[in-house]
Amino acid sequence: MNPKATLGLTFIGVILAGVPLLTLTAEPTKKDVCVDALKETPSTQTIYTRVQFTGAPQSCILRYEGKELAAMPQGTTSPWELELNLPGMADGLELEAEVTWQEGAPENAVSITLEPAQKEAQTETRWTGPDGSLLHDLFIYQW
């Protein structure tokens with residue numbers, strides 16, 4: 001066979017095999033992605049919550065990021081059990097509690113237990129000052 005024909009056939013074979021290989025091994029072109037599309041929207045999760053008190057409080061309000069989640073109904077006794085709808089939490093959350101007792105009450109405590117699905121229950125406890133009539137504090141939970 002003619003050397004030019006052999007070279008031409010080899011060249012055509014390399015091109016026919018090389019073009020598909022080139023497209024398979026090349027890095028894909030980067031596309032512009034909207035940053036807003038990457039932000040995850042927080043999904044809410046129902047979390048079983050138990051609030052326990054020493055002494056009968058007059059009121060108890062639970063807040064998340066400044067928004068009221070729940071207010072204890074009048075006549076509720078300890079423990080106050082409820083389900084809170086909170087955003088899905090990867091690492092943890094901060095829950096704010098504001099609890100009042102009668103004026104002149106002795107020291108009191110509040111324990112809040114959160115039991116999210118697929119995670120262990122965690123309990124945090126806070127004590128009032130010596131006058132015992134007001135507690136306004138953050139309860140920080142980490143999983």
Side-chain angles (χ1 to χ4, degrees), residues 4-143:
K4 287 184 180 180
T6 305
L7 182 61
L9 287 174
T10 305
F11 183 68
I12 291 172
V14 168
I15 290 175
L16 289 175
V19 170
L21 286 174
L22 182 62
T23 58
L24 289 175
T25 59
E27 287 191 36
T29 58
K30 294 184 179 180
K31 296 180 181 177
D32 292 333
V33 178
C34 180
V35 174
D36 291 337
L38 296 176
K39 293 181 183 176
E40 293 181 12
T41 57
S43 59
T44 59
Q45 178 180 0
T46 302
I47 299 174
Y48 174 74
T49 307
R50 184 173 45 255
V51 185
Q52 295 176 289
F53 309 96
T54 58
Q58 291 179 326
S59 68
C60 177
I61 298 171
L62 301 177
R63 293 184 183 95
Y64 176 74
E65 293 183 344
K67 297 177 184 171
E68 186 174 312
L69 292 173
M72 184 178 76
Q74 291 289 52
T76 301
T77 59
S78 185
W80 173 34
E81 297 177 341
L82 64 152
E83 291 181 349
L84 297 176
N85 290 321
L86 293 169
M89 346 157 245
D91 299 341
L93 66 91
E94 293 181 359
L95 192 63
E96 179 184 350
E98 184 177 325
V99 186
T100 57
W101 287 267
Q102 290 181 345
E103 282 291 320
E107 266 189 307
N108 285 294
V110 175
S111 290
I112 302 177
T113 303
L114 297 184
E115 294 183 31
Q118 312 289 320
K119 296 184 181 184
E120 283 193 37
Q122 289 205 9
T123 302
E124 292 289 321
T125 302
R126 302 289 186 275
W127 287 86
T128 63
D131 82 350
S133 61
L134 176 66
L135 179 121
H136 189 192
D137 208 345
L138 284 178
F139 289 70
I140 301 170
Y141 300 87
Q142 294 190 345
W143 285 272

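FYI, side chains are in, hydrogens and waters are out, and symmetry mates aren't considered; it's all heavy atoms of this structure. Remember, it's a predicted structure, so these values are computed and weren't measured experimentally.
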Next on the checklist: If I take atom CD from residue E94 and atom CZ from residue R63, how far apart are they, to the nearest 0.5 angstrom?
Outcome noted: 14.5 Å

Next on the checklist: Testing the basics here: between L93 and W143, what is the closest heavy-atom pair and its distance to 0.1 Å?
Outcome noted: N-CZ3, 4.4 Å

Checklist entry - Does the side chain of P79 come within less than 4.5 Å of F53's, by heavy atoms? => result no

Next on the checklist: Does Q58 have more than 12 heavy atoms from other residues, nucleotides or ligands lying within 6.0 Å of its CD?
Outcome noted: yes

Checklist entry - How far does CD of E98 sit from CG of D137, to the nearest 0.5 angstrom? => result 11.5 Å

Item to check | Distance, nearest 0.5 Å, that separates CE of M72 from CG of L62 | outcome: 10.0 Å

Next on the checklist: What's the separation between atom CD in Q122 and atom CD1 in I112, rounded to the nearest 0.5 Å?
Outcome noted: 13.0 Å

Checklist outcome for this item: Those residues at least two apart in sequence (or on a different chain) that pass side-chain contact (heavy atoms from CB on, under 4.5 Å) with L69 are Y64, L84, L86, L95

Item to check | Distance (rounded to the nearest 0.5 Å) between E107 CD and L135 CG | outcome: 11.0 Å

Checklist entry - Of the non-hydrogen atoms in W101 and A56, which two are nearest, and what is the gap between them? => result CD1-O, 3.4 Å

Checklist entry - Listed by chain and number, what are the side-chain contact (heavy atoms from CB on, under 4.5 Å) partners of S133, not counting sequence neighbours? => result E103, D131

Item to check | Side-chain touch T125/F139, heavy atoms, less than 4.5 angstrom | outcome: no

Checklist entry - Nearest heavy-atom pair of C60 and V51: which atoms, and what distance? => result SG-CG1, 4.4 Å

Checklist outcome for this item: Minimal heavy-atom distance between A105 and N108, with the atoms involved, is CB-ND2, 3.7 Å

Checklist entry - What is the minimum heavy-atom distance between Y141 and T113, and which atoms define it? => result OH-N, 4.4 Å

Item to check | Counterpart residues, side-chain contact (heavy atoms from CB on, under 4.5 Å), relative to E83 (two or more places apart) | outcome: T46

Next on the checklist: As an exercise, state the distance from NZ of K67 to CD of E96, rounded to the nearest 0.5 Å.
Outcome noted: 13.5 Å

Next on the checklist: side chain to side chain donor-acceptor pair (under 3.5 Å) for T100 and S59? Distances and angles first, verdict last.
Outcome noted: CA-CA 5 Å; T100 57; S59 68; 2.6 Å; yes

Checklist outcome for this item: In terms of heavy-atom contacts, T54 and A109 come closest through OG1-N, 2.7 Å

